[in-house]
Amino acid sequence: MLIGGGIMSATLGSLISRLQPEWSIRVYERLGEVAQESSNAWNNAGTGHAALCELNYMPENADGTVSADKAVAINEQFQISRQYWAHLVSTGSLPEPHNFINSTPHMTFVRGKANIEYLKKRVEALEGQPLFPDMEYSEDLERIAEWTPLLAKKRNPKQKVAATRIVAGTDVDFGALTKYLLSDLEEHGASIQTNHQVTRLKRLKDGTWNLRLKHLVGGTPKSVNARFVFVGAGGGALALLQNSGIPEIKGFGGFPISGQFLRTTNPKLVAQHQAKVYGKAAVGAPPMSVPHLDTRVVDGETALLFGPYAGFTPKFLKTSTWFDLPFSIRLHNLGPMIQVGLKNFDLVKYLVSELMASREKKMQVLREFMPTAKSEDWELITAGQRVQVMKKDPEKGGVLQFGTEVITGADGTIAGLLGASPGASTAAPIMLDVLARCFPDRMAEWEPKLREMIPSYGTKLSGDPAKAEASTAATAKTLQLSA
């Protein structure tokens, strides 16, 4: 049983249907369509997070050093997803790749002496890394203008700037990819049922799970049993895992962060910017709020997206209620949540300032990237909710975690996913982790099939330059990417 019709459930179902084709699979989605919350193309940045441009994966340490470890690890994870998608394309299970993935250079762009020095350190740390080949660096505004004119046009030539570029980046429409994966899953015999909300999870004496559901069209109740349950309901996962009663969820809470983007489909602007350009987050801002000016290809149409502008609402989902946050509070997570609140005043201050920002102030932030931006060319859209993980910490009492967290029951009959970025881009390795935790006795049996679908499974591409080059070349050819 897969709860939630997003990229995580779609990926897990896709893997299981190939590893254990005789198992029956059901997917229950609360909304009338799948991929409408965080997996929707306009609810996420769609970067294809490979750490090629996201500076928050390589923060500067207190001693001034910069480590590439996290960036390399995330790129490794993205390569697993990329290999799996390539396998599905090669077998005809996914359509022409341009329907969900397209080549888009990934860039970083910073201003000011201190940020330029940091960027130089980042480039040095990544030099020689097999998964970060051919990174270009420049402080020359004319050179940067060749990469993407909108960053340089009418910019003060005396302003100190620097940028990096890796041509081998991608733009991914995770909404489209999710729909294709679930359509293929249905062809493999799975049942995909929309407008069904899971209202209760109860462990039965025989070790199976009873799910109570409500059909939201007419309100008809339903009850089904399952041997294995995956809770991939995005922001709704915390409440369902709490409802299940598994002890592993104790101490976990959620901190919701909302967001908005500015979007333009003006053909003249779109034609001048073909890249994803990431900057540095503001002081006190969460890592997921790193400003970026992105090329997006959604349903075959190209647009530019800038943001995100963070905000706060107690909702855990874009289409849920204002009671999500208060109803998630339990005695076991109250302490960690209070500790997080006390220790993240800068974040609270940042969110308040973002909530109060006028449209003109939002445009001013965009003009730091694109000096010629005109308000009439851009529309403000609401992004998806991101529920960051709050959890117990033996030393700090409670910590706010930026990333994803897999929760599994002790007997492996239930698993769920909390958190956000890099999320969708690393869906395949995250779901492989779920399989390893919940079905450890089957992994040896599944390994040959896993290696067939994901050639680097169980190894590290970053430690073998020849293997890394061969893998990226092979997936680029299958996915029709430039590199």
Please check if atom [atom1] in [X] has more than 12 non-hydrogen atoms from other residues, nucleotides or ligands closer than 6.0 Å.
X	atom1	result
D299	CG	no
R203	CZ	yes
D134	CG	no
K202	NZ	no
E127	CD	no
L204	CG	yes
K315	NZ	yes
R26	CZ	no

Are F312 and Y350, when compared by the centres of their aromatic rings, separated by less than 6.0 Å? no
For [X] versus [Y], what's the shortest heavy-atom pair and its separation?
X	Y	result
A68	M58	CA-CE, 3.8 Å
A415	C438	CB-SG, 3.8 Å
N75	L131	ND2-O, 3.4 Å
V389	G403	CG2-O, 4.5 Å
T472	R82	O-NH2, 3.1 Å

Going from CG on L481 to CD1 on I101, what distance comes out if it is rounded to the nearest 0.5 angstrom? 5.0 Å
Using a distance-only test with no angle check, is there a side-chain donor-acceptor pair under 3.5 angstrom linking [X] and [Y]?
X	Y	answer
R30	T319	yes
Q20	E22	yes
K391	Q401	yes
T108	R122	no
S38	R386	yes
S456	Q79	no
Y84	S14	yes
Q480	H98	no

With F228, which of W209, F439, W23 fulfils ring-ring contact (aromatic ring centres under 6.0 Å, His included)? F439
What is the ring orientation for F78 with W85, classed by angle as parallel under 30°, tilted 30 to 60°, or perpendicular over 60°? perpendicular
